[in-house]
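I have placed the structure first, in the form of C-alpha coordinates, so that the comments after it can refer back to it.
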Amino acid sequence: MKDNRLVFYEDDIQEIDKVLEKFIAASQASCVLLVDLEGHLVTKKGFTDKLDTTSISALIAGSFASTRAVAQKLGEAEFSVLFHQGVNENIHISLVADRALIVIIFDDRTTIGMVRMYAEQVSEGLKSILESISERKNEGRETLSSDYANEAESQIDNFFEEG
Amino acid sequence: MVQINFALREVNCKIVYYGPGRSGKTTNLEIVHAKAPKDSRGEMVSIATETDRTLFFDFLPLNLGTVAGMKTKFQLYTVPGQVYYDATRKLVLQGADGVIFVADSQKSMREENIESLDNLAKNLAENGINISEIPLILQWNKRDLEDVDTPEYLNEYLNRYNSPSFEAVAVKGDGVFPTLKSLASLVIKQINNAQNLESTDVQPKLQKKEVLPSPEKVDGEKNIAKTETSTSMPPISSINKSKVEEKSNAEKLASEKPPIEKVEAGKTKNENTEVSSVTKIENPREPQPNIPVVEKDGQPKSKKIKSEETTIKTKSVSPKKALNPIAAELEKKKAEREEQEKQRTERIKKNARRPAGTTDWKKIIILAGLFVVILAAILAAIYFTKN
(Lines give C-alpha, C1' and ligand atoms only; values in the text may rest on other atoms or scores of the structure.)
Protein backbone atom coordinates (compact mmCIF):
# COMPACT_ATOMS: atom_id res chain seq x y z
CA MET A 1 0.00 0.00 0.00
CA LYS A 2 3.02 2.27 -0.13
CA ASP A 3 1.78 4.00 -3.26
CA ASN A 4 -1.50 4.85 -1.61
CA ARG A 5 -0.72 8.43 -0.71
CA LEU A 6 -0.50 11.85 -2.18
CA VAL A 7 2.10 14.21 -0.72
CA PHE A 8 2.24 17.97 -1.18
CA TYR A 9 5.22 19.94 0.17
CA GLU A 10 5.29 23.59 1.09
CA ASP A 11 7.07 24.67 -2.11
CA ASP A 12 4.50 22.76 -4.21
CA ILE A 13 1.68 24.64 -2.56
CA GLN A 14 3.50 27.97 -2.89
CA GLU A 15 3.91 27.37 -6.59
CA ILE A 16 0.25 26.37 -6.98
CA ASP A 17 -0.88 29.37 -4.89
CA LYS A 18 1.01 31.78 -7.16
CA VAL A 19 -0.85 30.47 -10.20
CA LEU A 20 -4.18 30.66 -8.39
CA GLU A 21 -3.56 34.22 -7.14
CA LYS A 22 -2.82 35.38 -10.68
CA PHE A 23 -5.99 33.69 -11.83
CA ILE A 24 -8.15 35.43 -9.20
CA ALA A 25 -6.67 38.83 -10.09
CA ALA A 26 -7.34 38.29 -13.78
CA SER A 27 -10.74 36.63 -13.68
CA GLN A 28 -12.28 38.53 -10.72
CA ALA A 29 -13.63 35.27 -9.30
CA SER A 30 -14.53 35.23 -5.59
CA CYS A 31 -12.37 32.28 -4.74
CA VAL A 32 -10.75 29.18 -6.07
CA LEU A 33 -10.16 25.79 -4.46
CA LEU A 34 -7.90 23.00 -5.58
CA VAL A 35 -9.37 19.66 -4.52
CA ASP A 36 -7.99 16.17 -5.09
CA LEU A 37 -10.24 13.54 -6.60
CA GLU A 38 -10.92 11.97 -3.19
CA GLY A 39 -12.43 15.25 -1.99
CA HIS A 40 -9.53 16.48 0.16
CA LEU A 41 -8.76 20.18 -0.15
CA VAL A 42 -5.22 20.84 -1.42
CA THR A 43 -5.21 24.64 -1.26
CA LYS A 44 -7.56 27.63 -1.53
CA LYS A 45 -7.29 31.29 -2.52
CA GLY A 46 -9.67 34.26 -2.42
CA PHE A 47 -12.62 34.90 -0.10
CA THR A 48 -13.07 31.52 1.53
CA ASP A 49 -13.49 32.49 5.18
CA LYS A 50 -17.24 32.04 5.25
CA LEU A 51 -17.23 28.83 3.25
CA ASP A 52 -17.23 25.32 4.65
CA THR A 53 -14.48 24.32 2.26
CA THR A 54 -14.14 20.80 3.69
CA SER A 55 -17.73 19.87 2.90
CA ILE A 56 -17.70 21.72 -0.41
CA SER A 57 -14.58 19.81 -1.46
CA ALA A 58 -16.07 16.44 -0.56
CA LEU A 59 -19.38 17.20 -2.28
CA ILE A 60 -17.76 18.53 -5.43
CA ALA A 61 -15.49 15.49 -5.69
CA GLY A 62 -18.59 13.31 -5.31
CA SER A 63 -20.46 15.32 -7.88
CA PHE A 64 -17.56 15.14 -10.32
CA ALA A 65 -17.17 11.38 -9.79
CA SER A 66 -20.85 10.85 -10.45
CA THR A 67 -20.82 13.02 -13.58
CA ARG A 68 -17.76 11.15 -14.81
CA ALA A 69 -19.64 7.87 -14.38
CA VAL A 70 -22.52 9.31 -16.41
CA ALA A 71 -20.07 10.42 -19.12
CA GLN A 72 -18.63 6.93 -19.31
CA LYS A 73 -22.12 5.54 -19.81
CA LEU A 74 -22.36 7.83 -22.83
CA GLY A 75 -19.00 6.68 -24.16
CA GLU A 76 -17.09 9.79 -23.03
CA ALA A 77 -14.01 9.55 -20.83
CA GLU A 78 -15.41 12.36 -18.68
CA PHE A 79 -17.05 15.75 -18.82
CA SER A 80 -13.94 17.69 -17.97
CA VAL A 81 -15.79 20.95 -17.25
CA LEU A 82 -18.85 21.34 -15.04
CA PHE A 83 -20.77 24.55 -14.51
CA HIS A 84 -23.44 25.20 -11.90
CA GLN A 85 -25.42 28.41 -12.20
CA GLY A 86 -27.13 30.03 -9.23
CA VAL A 87 -28.89 33.35 -8.65
CA ASN A 88 -25.91 34.98 -6.97
CA GLU A 89 -23.13 32.44 -7.01
CA ASN A 90 -21.87 30.17 -9.75
CA ILE A 91 -19.37 27.34 -9.73
CA HIS A 92 -17.06 26.31 -12.52
CA ILE A 93 -15.26 22.98 -12.05
CA SER A 94 -12.54 21.62 -14.27
CA LEU A 95 -10.26 18.61 -14.12
CA VAL A 96 -6.49 19.07 -14.08
CA ALA A 97 -4.00 16.37 -15.04
CA ASP A 98 -6.57 13.75 -14.05
CA ARG A 99 -5.66 14.17 -10.40
CA ALA A 100 -7.29 17.33 -9.07
CA LEU A 101 -10.22 19.65 -9.58
CA ILE A 102 -10.08 23.44 -9.87
CA VAL A 103 -13.23 24.77 -8.27
CA ILE A 104 -13.93 28.40 -9.12
CA ILE A 105 -16.67 30.22 -7.26
CA PHE A 106 -17.75 33.51 -8.82
CA ASP A 107 -20.59 36.02 -8.80
CA ASP A 108 -21.84 38.79 -11.11
CA ARG A 109 -18.63 40.79 -10.81
CA THR A 110 -17.31 38.68 -13.64
CA THR A 111 -18.73 36.56 -16.45
CA ILE A 112 -18.70 32.90 -17.31
CA GLY A 113 -16.74 33.70 -20.47
CA MET A 114 -13.94 35.36 -18.53
CA VAL A 115 -13.84 32.58 -15.98
CA ARG A 116 -13.79 29.90 -18.66
CA MET A 117 -11.01 31.58 -20.60
CA TYR A 118 -8.74 32.08 -17.58
CA ALA A 119 -9.66 28.65 -16.22
CA GLU A 120 -8.16 27.06 -19.31
CA GLN A 121 -4.95 28.97 -18.76
CA VAL A 122 -4.74 28.15 -15.06
CA SER A 123 -5.47 24.55 -15.87
CA GLU A 124 -2.45 24.39 -18.18
CA GLY A 125 -0.26 26.01 -15.52
CA LEU A 126 -1.36 23.63 -12.80
CA LYS A 127 -1.10 20.61 -15.04
CA SER A 128 2.65 20.92 -15.37
CA ILE A 129 3.08 21.51 -11.64
CA LEU A 130 0.96 18.49 -10.69
CA GLU A 131 2.69 16.29 -13.22
CA SER A 132 6.10 17.26 -11.92
CA ILE A 133 4.90 16.46 -8.37
CA SER A 134 3.75 13.03 -9.45
CA GLU A 135 6.95 12.20 -11.29
CA ARG A 136 9.59 13.41 -8.87
CA LYS A 137 11.38 11.43 -6.23
CA ASN A 138 10.88 12.57 -2.66
CA GLU A 139 14.31 11.54 -1.49
CA GLY A 140 15.61 13.56 1.43
CA ARG A 141 12.43 15.57 1.81
CA GLU A 142 10.34 16.11 4.90
CA THR A 143 8.49 13.05 6.14
CA LEU A 144 6.07 12.38 8.94
CA SER A 145 7.76 12.29 12.32
CA SER A 146 8.81 8.85 13.52
CA ASP A 147 6.62 9.42 16.57
CA TYR A 148 3.58 10.04 14.40
CA ALA A 149 1.98 6.61 14.84
CA ASN A 150 2.57 6.50 18.61
CA GLU A 151 1.33 10.04 19.14
CA ALA A 152 -1.68 9.38 16.94
CA GLU A 153 -2.49 6.26 18.94
CA SER A 154 -2.63 8.17 22.22
CA GLN A 155 -4.55 10.99 20.52
CA ILE A 156 -7.07 8.46 19.27
CA ASP A 157 -7.43 7.07 22.81
CA ASN A 158 -8.09 10.55 24.20
CA PHE A 159 -10.44 11.53 21.42
CA PHE A 160 -12.68 8.53 21.74
CA GLU A 161 -12.66 8.62 25.53
CA GLU A 162 -13.84 12.22 25.51
CA GLY A 163 -16.68 11.27 23.21
CA MET B 1 -5.76 7.74 -0.76
CA VAL B 2 -4.16 9.48 2.20
CA GLN B 3 -3.29 13.09 1.45
CA ILE B 4 -0.31 14.47 3.35
CA ASN B 5 -0.11 18.22 2.97
CA PHE B 6 3.03 19.69 4.51
CA ALA B 7 1.97 23.23 3.60
CA LEU B 8 -1.33 23.03 5.51
CA ARG B 9 0.33 20.61 7.98
CA GLU B 10 -2.51 18.16 7.45
CA VAL B 11 -3.01 14.43 7.02
CA ASN B 12 -6.37 13.53 5.47
CA CYS B 13 -7.82 10.03 5.43
CA LYS B 14 -11.05 8.69 4.02
CA ILE B 15 -13.10 6.13 5.95
CA VAL B 16 -16.15 4.47 4.43
CA TYR B 17 -19.03 2.75 6.21
CA TYR B 18 -20.29 -0.09 4.03
CA GLY B 19 -23.04 -2.65 4.51
CA PRO B 20 -26.47 -3.76 3.38
CA GLY B 21 -29.45 -1.40 3.30
CA ARG B 22 -30.87 -0.46 6.70
CA SER B 23 -27.98 -2.00 8.59
CA GLY B 24 -27.29 1.27 10.44
CA LYS B 25 -24.47 3.00 8.56
CA THR B 26 -26.03 6.45 8.68
CA THR B 27 -26.99 5.89 12.31
CA ASN B 28 -23.33 5.16 13.08
CA LEU B 29 -22.35 8.47 11.53
CA GLU B 30 -25.05 10.36 13.39
CA ILE B 31 -23.86 8.92 16.67
CA VAL B 32 -20.28 9.91 15.89
CA HIS B 33 -21.57 13.37 15.04
CA ALA B 34 -23.54 13.59 18.28
CA LYS B 35 -20.81 12.21 20.55
CA ALA B 36 -17.68 13.78 19.07
CA PRO B 37 -16.47 17.00 20.71
CA LYS B 38 -18.01 19.99 18.89
CA ASP B 39 -14.71 21.60 17.98
CA SER B 40 -13.46 18.36 16.46
CA ARG B 41 -16.25 17.66 14.06
CA GLY B 42 -17.55 19.49 11.05
CA GLU B 43 -21.03 19.66 9.70
CA MET B 44 -22.63 16.38 8.71
CA VAL B 45 -23.94 16.36 5.18
CA SER B 46 -26.48 13.81 4.10
CA ILE B 47 -27.56 13.29 0.52
CA ALA B 48 -30.71 11.30 1.10
CA THR B 49 -34.04 10.65 -0.56
CA GLU B 50 -37.29 12.11 0.76
CA THR B 51 -37.80 8.94 2.73
CA ASP B 52 -34.40 9.36 4.34
CA ARG B 53 -32.68 6.54 2.54
CA THR B 54 -29.11 7.45 1.60
CA LEU B 55 -29.07 8.43 -2.05
CA PHE B 56 -25.41 9.22 -2.60
CA PHE B 57 -23.50 9.42 0.66
CA ASP B 58 -23.41 10.90 4.13
CA PHE B 59 -20.31 12.85 5.00
CA LEU B 60 -18.80 13.84 8.32
CA PRO B 61 -15.36 15.44 8.72
CA LEU B 62 -13.64 14.59 11.99
CA ASN B 63 -10.55 16.35 13.27
CA LEU B 64 -8.45 14.14 15.51
CA GLY B 65 -6.21 17.03 16.53
CA THR B 66 -2.55 17.82 15.98
CA VAL B 67 -0.36 14.76 15.92
CA ALA B 68 3.39 15.28 15.72
CA GLY B 69 2.79 18.70 14.24
CA MET B 70 0.26 17.52 11.65
CA LYS B 71 -3.49 18.09 11.91
CA THR B 72 -4.94 14.63 11.39
CA LYS B 73 -8.38 14.53 9.83
CA PHE B 74 -10.73 11.69 9.04
CA GLN B 75 -13.46 12.10 6.51
CA LEU B 76 -16.25 9.64 7.20
CA TYR B 77 -18.55 8.55 4.40
CA THR B 78 -21.41 6.11 4.21
CA VAL B 79 -22.62 4.41 1.06
CA PRO B 80 -26.22 3.83 0.03
CA GLY B 81 -26.95 0.24 1.01
CA GLN B 82 -29.70 -0.59 -1.45
CA VAL B 83 -28.66 -3.01 -4.19
CA TYR B 84 -29.90 -0.55 -6.83
CA TYR B 85 -27.20 2.01 -5.98
CA ASP B 86 -24.21 -0.15 -6.78
CA ALA B 87 -22.62 2.37 -9.15
CA THR B 88 -22.86 5.04 -6.46
CA ARG B 89 -21.29 2.77 -3.87
CA LYS B 90 -18.34 2.19 -6.15
CA LEU B 91 -17.82 5.94 -6.50
CA VAL B 92 -17.86 6.53 -2.76
CA LEU B 93 -15.25 3.79 -2.26
CA GLN B 94 -12.78 5.60 -4.54
CA GLY B 95 -9.64 6.38 -2.59
CA ALA B 96 -10.91 4.85 0.67
CA ASP B 97 -8.23 4.35 3.33
CA GLY B 98 -10.31 2.17 5.61
CA VAL B 99 -13.69 0.45 5.64
CA ILE B 100 -16.14 -0.34 8.42
CA PHE B 101 -18.55 -3.07 7.35
CA VAL B 102 -21.80 -2.67 9.27
CA ALA B 103 -23.63 -6.00 9.25
CA ASP B 104 -27.18 -6.52 10.42
CA SER B 105 -27.08 -9.27 13.04
CA GLN B 106 -30.61 -10.48 12.36
CA LYS B 107 -30.88 -14.01 11.05
CA SER B 108 -33.19 -12.81 8.31
CA MET B 109 -30.40 -10.56 6.97
CA ARG B 110 -27.77 -13.24 6.37
CA GLU B 111 -28.18 -13.22 2.63
CA GLU B 112 -27.97 -9.40 2.43
CA ASN B 113 -24.85 -9.36 4.61
CA ILE B 114 -23.06 -11.86 2.40
CA GLU B 115 -24.13 -10.12 -0.78
CA SER B 116 -22.96 -6.77 0.54
CA LEU B 117 -19.57 -8.15 1.62
CA ASP B 118 -19.09 -9.74 -1.80
CA ASN B 119 -20.09 -6.45 -3.35
CA LEU B 120 -17.56 -4.60 -1.18
CA ALA B 121 -14.75 -6.88 -2.34
CA LYS B 122 -15.81 -6.45 -5.96
CA ASN B 123 -16.12 -2.67 -5.80
CA LEU B 124 -12.82 -2.29 -3.97
CA ALA B 125 -11.10 -4.44 -6.58
CA GLU B 126 -12.60 -2.28 -9.33
CA ASN B 127 -11.13 0.74 -7.57
CA GLY B 128 -7.72 -0.94 -7.50
CA ILE B 129 -7.86 -1.83 -3.81
CA ASN B 130 -7.41 -5.33 -2.43
CA ILE B 131 -9.89 -6.03 0.36
CA SER B 132 -7.34 -8.10 2.25
CA GLU B 133 -4.91 -5.18 2.34
CA ILE B 134 -7.16 -2.29 3.28
CA PRO B 135 -7.88 -1.75 6.99
CA LEU B 136 -11.27 -3.40 7.54
CA ILE B 137 -13.40 -3.62 10.68
CA LEU B 138 -16.64 -5.54 11.01
CA GLN B 139 -19.49 -4.33 13.16
CA TRP B 140 -22.33 -6.62 14.23
CA ASN B 141 -25.11 -4.11 14.60
CA LYS B 142 -28.62 -4.35 16.08
CA ARG B 143 -27.57 -6.64 18.92
CA ASP B 144 -30.64 -5.49 20.87
CA LEU B 145 -33.08 -7.15 18.52
CA GLU B 146 -34.60 -10.57 18.86
CA ASP B 147 -33.69 -13.37 16.54
CA VAL B 148 -30.11 -12.33 15.94
CA ASP B 149 -27.15 -14.57 15.15
CA THR B 150 -24.49 -15.02 17.81
CA PRO B 151 -21.28 -12.99 17.24
CA GLU B 152 -19.43 -16.29 16.85
CA TYR B 153 -21.72 -17.35 14.08
CA LEU B 154 -21.51 -13.95 12.39
CA ASN B 155 -17.73 -14.24 12.55
CA GLU B 156 -17.91 -17.66 11.02
CA TYR B 157 -19.95 -16.67 8.03
CA LEU B 158 -18.79 -13.09 7.45
CA ASN B 159 -15.27 -12.66 8.82
CA ARG B 160 -13.30 -13.88 5.80
CA TYR B 161 -10.31 -11.63 6.29
CA ASN B 162 -9.57 -12.10 9.99
CA SER B 163 -10.75 -8.58 10.70
CA PRO B 164 -11.46 -7.32 14.20
CA SER B 165 -15.18 -7.30 14.89
CA PHE B 166 -17.36 -5.34 17.29
CA GLU B 167 -20.87 -5.70 18.60
CA ALA B 168 -23.04 -2.61 18.44
CA VAL B 169 -26.46 -1.15 19.01
CA ALA B 170 -25.95 1.93 16.89
CA VAL B 171 -29.33 3.54 17.68
CA LYS B 172 -28.28 3.65 21.35
CA GLY B 173 -24.70 4.57 20.53
CA ASP B 174 -23.23 1.30 21.85
CA GLY B 175 -20.16 0.06 20.04
CA VAL B 176 -20.01 2.96 17.57
CA PHE B 177 -16.91 4.66 18.98
CA PRO B 178 -14.93 1.47 19.67
CA THR B 179 -15.47 0.41 16.06
CA LEU B 180 -14.26 3.73 14.68
CA LYS B 181 -11.42 3.90 17.17
CA SER B 182 -10.15 0.52 16.07
CA LEU B 183 -10.30 1.46 12.39
CA ALA B 184 -8.61 4.82 13.02
CA SER B 185 -5.71 2.97 14.66
CA LEU B 186 -5.39 0.58 11.73
CA VAL B 187 -5.42 3.47 9.23
CA ILE B 188 -2.72 5.34 11.15
CA LYS B 189 -0.59 2.20 11.28
CA GLN B 190 -1.03 1.84 7.54
CA ILE B 191 0.14 5.43 6.97
CA ASN B 192 3.17 4.80 9.15
CA ASN B 193 4.07 1.62 7.31
CA ALA B 194 3.75 3.34 3.96
CA GLN B 195 5.95 6.13 5.30
CA ASN B 196 8.64 3.66 6.31
CA LEU B 197 8.49 1.90 2.99
CA GLU B 198 8.42 5.01 0.84
CA SER B 199 10.86 7.90 1.29
CA THR B 200 12.64 7.37 -2.03
CA ASP B 201 9.75 6.33 -4.18
CA VAL B 202 8.09 8.10 -7.03
CA GLN B 203 4.61 9.32 -6.17
CA PRO B 204 1.66 7.48 -7.61
CA LYS B 205 -0.11 8.52 -10.72
CA LEU B 206 -3.83 8.40 -10.23
CA GLN B 207 -4.26 7.49 -13.84
CA LYS B 208 -2.54 4.19 -13.53
CA LYS B 209 -5.08 2.12 -11.71
CA GLU B 210 -4.15 -1.47 -11.42
CA VAL B 211 -7.20 -3.62 -11.21
CA LEU B 212 -6.38 -6.35 -8.79
CA PRO B 213 -7.51 -9.89 -9.28
CA SER B 214 -10.97 -10.52 -7.91
CA PRO B 215 -11.08 -11.51 -4.26
CA GLU B 216 -12.35 -14.95 -5.14
CA LYS B 217 -9.21 -15.56 -7.13
CA VAL B 218 -6.82 -14.49 -4.42
CA ASP B 219 -8.81 -16.07 -1.63
CA GLY B 220 -6.55 -19.06 -1.32
CA GLU B 221 -3.35 -17.08 -0.79
CA LYS B 222 -4.80 -14.10 0.95
CA ASN B 223 -4.55 -15.34 4.51
CA ILE B 224 -0.95 -16.38 4.27
CA ALA B 225 0.06 -13.21 2.48
CA LYS B 226 -1.73 -11.07 5.00
CA THR B 227 -0.19 -12.57 8.07
CA GLU B 228 3.24 -12.33 6.52
CA THR B 229 3.16 -8.81 5.18
CA SER B 230 0.25 -6.79 6.42
CA THR B 231 0.73 -5.18 9.78
CA SER B 232 -2.71 -3.67 9.72
CA MET B 233 -4.25 -6.95 10.69
CA PRO B 234 -3.60 -8.79 13.95
CA PRO B 235 -0.21 -10.51 13.99
CA ILE B 236 -0.02 -14.28 13.81
CA SER B 237 1.01 -14.54 17.44
CA SER B 238 -2.13 -12.80 18.61
CA ILE B 239 -4.25 -15.00 16.41
CA ASN B 240 -2.55 -18.09 17.78
CA LYS B 241 -2.98 -16.85 21.30
CA SER B 242 -6.66 -16.48 20.84
CA LYS B 243 -6.90 -19.80 19.09
CA VAL B 244 -7.22 -21.75 22.33
CA GLU B 245 -10.08 -19.57 23.37
CA GLU B 246 -11.58 -19.76 19.93
CA LYS B 247 -11.34 -23.51 19.94
CA SER B 248 -13.27 -23.78 23.13
CA ASN B 249 -15.66 -21.19 21.80
CA ALA B 250 -16.02 -23.11 18.61
CA GLU B 251 -16.81 -26.25 20.52
CA LYS B 252 -19.29 -24.33 22.56
CA LEU B 253 -20.67 -22.82 19.43
CA ALA B 254 -21.05 -26.19 17.80
CA SER B 255 -23.37 -27.21 20.56
CA GLU B 256 -25.12 -23.83 20.74
CA LYS B 257 -25.14 -22.92 17.09
CA PRO B 258 -28.66 -22.26 16.00
CA PRO B 259 -30.03 -24.41 13.21
CA ILE B 260 -29.31 -22.73 9.92
CA GLU B 261 -32.51 -21.31 8.68
CA LYS B 262 -33.43 -21.36 5.11
CA VAL B 263 -32.44 -17.97 3.78
CA GLU B 264 -35.31 -16.57 1.84
CA ALA B 265 -35.11 -13.72 -0.58
CA GLY B 266 -38.41 -12.09 0.25
CA LYS B 267 -38.04 -11.94 3.98
CA THR B 268 -39.31 -9.09 6.09
CA LYS B 269 -36.84 -6.63 7.50
CA ASN B 270 -37.29 -5.17 10.90
CA GLU B 271 -38.52 -1.72 10.11
CA ASN B 272 -38.34 -0.65 13.72
CA THR B 273 -34.59 -0.33 13.66
CA GLU B 274 -34.74 2.47 11.16
CA VAL B 275 -34.57 5.95 12.46
CA SER B 276 -36.20 9.08 11.23
CA SER B 277 -34.75 11.68 8.89
CA VAL B 278 -31.45 13.53 8.88
CA THR B 279 -30.84 16.45 6.76
CA LYS B 280 -30.79 18.88 9.61
CA ILE B 281 -27.45 18.10 10.94
CA GLU B 282 -27.84 19.49 14.40
CA ASN B 283 -30.83 17.21 15.03
CA PRO B 284 -29.62 13.69 14.53
CA ARG B 285 -32.27 11.12 13.97
CA GLU B 286 -33.98 9.95 17.09
CA PRO B 287 -34.74 6.29 17.44
CA GLN B 288 -38.42 5.56 16.98
CA PRO B 289 -40.30 5.04 20.19
CA ASN B 290 -41.46 1.54 19.35
CA ILE B 291 -38.04 -0.04 19.11
CA PRO B 292 -38.28 -3.43 20.74
CA VAL B 293 -35.57 -3.22 23.38
CA VAL B 294 -34.20 -6.59 24.19
CA GLU B 295 -31.30 -6.81 26.57
CA LYS B 296 -28.28 -8.84 25.66
CA ASP B 297 -29.19 -11.57 28.15
CA GLY B 298 -29.97 -13.93 25.36
CA GLN B 299 -26.42 -13.74 24.05
CA PRO B 300 -23.84 -16.26 25.13
CA LYS B 301 -21.43 -14.83 27.67
CA SER B 302 -18.34 -16.00 25.80
CA LYS B 303 -18.61 -12.97 23.52
CA LYS B 304 -17.37 -10.56 26.19
CA ILE B 305 -13.68 -9.80 26.42
CA LYS B 306 -12.41 -8.22 29.59
CA SER B 307 -9.73 -5.90 28.24
CA GLU B 308 -12.09 -3.88 26.02
CA GLU B 309 -15.45 -2.36 26.67
CA THR B 310 -16.66 -4.10 23.58
CA THR B 311 -15.72 -7.34 21.98
CA ILE B 312 -12.77 -7.66 19.65
CA LYS B 313 -12.56 -11.03 17.98
CA THR B 314 -9.89 -12.08 15.61
CA LYS B 315 -10.96 -15.43 14.30
CA SER B 316 -8.78 -17.27 11.91
CA VAL B 317 -11.52 -18.47 9.65
CA SER B 318 -10.18 -19.92 6.46
CA PRO B 319 -11.93 -18.68 3.34
CA LYS B 320 -13.11 -22.19 2.64
CA LYS B 321 -14.61 -22.43 6.09
CA ALA B 322 -16.41 -19.18 5.44
CA LEU B 323 -18.23 -20.92 2.66
CA ASN B 324 -20.62 -22.42 5.16
CA PRO B 325 -24.04 -23.92 4.42
CA ILE B 326 -25.53 -20.47 3.91
CA ALA B 327 -23.02 -19.70 1.21
CA ALA B 328 -23.79 -23.06 -0.38
CA GLU B 329 -27.46 -22.24 -0.25
CA LEU B 330 -26.77 -18.89 -1.85
CA GLU B 331 -24.72 -20.54 -4.57
CA LYS B 332 -27.65 -22.83 -5.25
CA LYS B 333 -30.02 -19.88 -5.42
CA LYS B 334 -27.65 -18.01 -7.70
CA ALA B 335 -27.57 -20.99 -10.06
CA GLU B 336 -31.34 -21.15 -10.00
CA ARG B 337 -31.57 -17.45 -10.76
CA GLU B 338 -29.13 -17.81 -13.63
CA GLU B 339 -31.19 -20.68 -15.00
CA GLN B 340 -34.35 -18.59 -14.78
CA GLU B 341 -32.57 -15.71 -16.46
CA LYS B 342 -31.48 -18.03 -19.28
CA GLN B 343 -35.03 -19.25 -19.78
CA ARG B 344 -36.23 -15.68 -19.81
CA THR B 345 -33.78 -14.67 -22.50
CA GLU B 346 -34.77 -17.67 -24.57
CA ARG B 347 -38.42 -16.72 -24.20
CA ILE B 348 -37.63 -13.19 -25.26
CA LYS B 349 -35.66 -14.46 -28.24
CA LYS B 350 -38.54 -16.70 -29.26
CA ASN B 351 -40.99 -13.85 -29.10
CA ALA B 352 -38.65 -11.45 -30.76
CA ARG B 353 -39.57 -9.97 -34.06
CA ARG B 354 -38.47 -11.73 -37.19
CA PRO B 355 -35.19 -10.25 -38.35
CA ALA B 356 -35.47 -7.73 -41.13
CA GLY B 357 -35.22 -9.14 -44.65
CA THR B 358 -37.14 -12.37 -44.04
CA THR B 359 -40.75 -12.64 -45.23
CA ASP B 360 -43.52 -14.40 -43.37
CA TRP B 361 -45.41 -16.00 -46.30
CA LYS B 362 -47.83 -17.82 -44.02
CA LYS B 363 -49.09 -14.55 -42.58
CA ILE B 364 -49.37 -12.92 -46.02
CA ILE B 365 -51.46 -15.81 -47.41
CA ILE B 366 -53.80 -15.75 -44.42
CA LEU B 367 -54.24 -11.98 -44.69
CA ALA B 368 -54.81 -12.16 -48.44
CA GLY B 369 -57.42 -14.92 -47.93
CA LEU B 370 -59.14 -12.88 -45.27
CA PHE B 371 -59.17 -9.86 -47.57
CA VAL B 372 -60.73 -11.89 -50.43
CA VAL B 373 -63.45 -13.28 -48.13
CA ILE B 374 -64.35 -9.82 -46.84
CA LEU B 375 -64.41 -8.41 -50.39
CA ALA B 376 -66.67 -11.26 -51.54
CA ALA B 377 -68.98 -10.66 -48.61
CA ILE B 378 -69.24 -6.95 -49.43
CA LEU B 379 -69.91 -7.63 -53.11
CA ALA B 380 -72.55 -10.21 -52.19
CA ALA B 381 -74.19 -7.75 -49.86
CA ILE B 382 -74.29 -5.05 -52.60
CA TYR B 383 -75.68 -7.57 -55.13
CA PHE B 384 -78.45 -8.70 -52.79
CA THR B 385 -79.44 -5.19 -51.73
CA LYS B 386 -79.72 -4.09 -55.39
CA ASN B 387 -81.91 -7.05 -56.26
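What you are looking at is a predicted structure, and each value in this text was computed from that prediction instead of being measured. Hydrogens, waters and symmetry mates are skipped; everything else that's a heavy atom, side chains included, is used.
In this structure, B/Phe59 CZ and A/Ser57 OG are separated by 8.0 Å, a value rounded to the nearest 0.5 Å. The structure places NZ of B/Lys189 at 5.5 Å from CD of A/Glu153, a figure rounded to the nearest 0.5 Å.
Heavy atoms from other residues, nucleotides or ligands lying under 6.0 Å from CZ of A/Phe83 number more than 12.
The shortest non-hydrogen separation linking B/Phe56 to A/Ser63 is CE1-N, 4.3 Å. Scanning both residues, B/Glu43 and A/Ser55, for their nearest heavy atoms gives O-OG, 4.1 Å. The shortest heavy-atom contact between A/Thr54 and B/Pro61 is CG2-CB, 3.8 Å. Among all heavy-atom pairs drawn from B/Ser40 and A/Phe159, the shortest one is CB-CE1, 3.4 Å. Nearest heavy atom pair, residue A/Ile13 against residue B/Ala7, reads CG1-CB, 3.2 Å. Nearest approach of A/Asp157 to B/Lys181, heavy atoms of both residues: OD1-CE, 3.0 Å.
Heavy atoms closer than 4.5 Å to chain B are found nowhere in A/Leu130, neither backbone nor side chain. For B/Gln75, the part lying near chain A is the side chain, with the backbone staying farther off; criterion is any non-hydrogen pair under 4.5 Å. Of the two parts of A/Ala69, only the side chain, counted from C-beta on, holds a non-hydrogen atom closer than 4.5 Å to a non-hydrogen atom of chain B. Looking at B/Val92, neither its backbone nor its side chain comes within 4.5 Å of chain A, counting heavy atoms on both sides. With a 4.5 angstrom heavy-atom cutoff, B/Ala87 does not touch chain A via any of its atoms.
Options A/Asp52, A/Leu59, A/Asp147, A/Asp11 differ in how many heavy-atom pairs under 4.5 Å they form with chain B, and the most are formed by A/Leu59. Comparing B/Ile47, B/Thr88, B/Leu180 by heavy-atom pairs within less than 4.5 Å of chain A, the highest count is held by B/Leu180.
B/Leu8 has its side chain out of reach of A/Phe8: every pair of non-hydrogen atoms, C-beta onward, lies at least 4.5 Å apart. Looking at heavy atoms from C-beta onward, B/Ile188 lies in side-chain contact with A/Tyr148 at the 4.5 angstrom threshold. Side-chain contact between A/Tyr9 and B/Ile4: absent, with no pair of heavy atoms (C-beta onward) separated by less than 4.5 Å.
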task: Using the side-chain contact (heavy atoms from CB on, under 4.5 Å) rule, take A/Leu144 and B/Asn192 through it: C-alpha gap first, then chi angles, then the decisive distance, then the call.
output: CA-CA 8 Å; A/Leu144 288 177; B/Asn192 212 46; 5.7 Å; no
message: Would A/Leu37 and B/Gln94 count as a side-chain contact (heavy atoms from CB on, under 4.5 Å) here? Give the steps.
response: CA-CA 9 Å; A/Leu37 290 182; B/Gln94 267 177 22; 5.5 Å; no
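Judged purely by atom type and a 3.5 angstrom limit, A/Gln155 has no side-chain atom pairing as donor or acceptor with the backbone of B/Val67. Not a single donor-acceptor pair under 3.5 Å links the side chain of B/Asn12 to the backbone N or O of A/His40.
Ring-plane geometry between B/Phe177 and A/Phe160 is classed as perpendicular, the angle between the planes exceeding 60 degrees on a 0 to 90 degree scale with a lower cut at 30.
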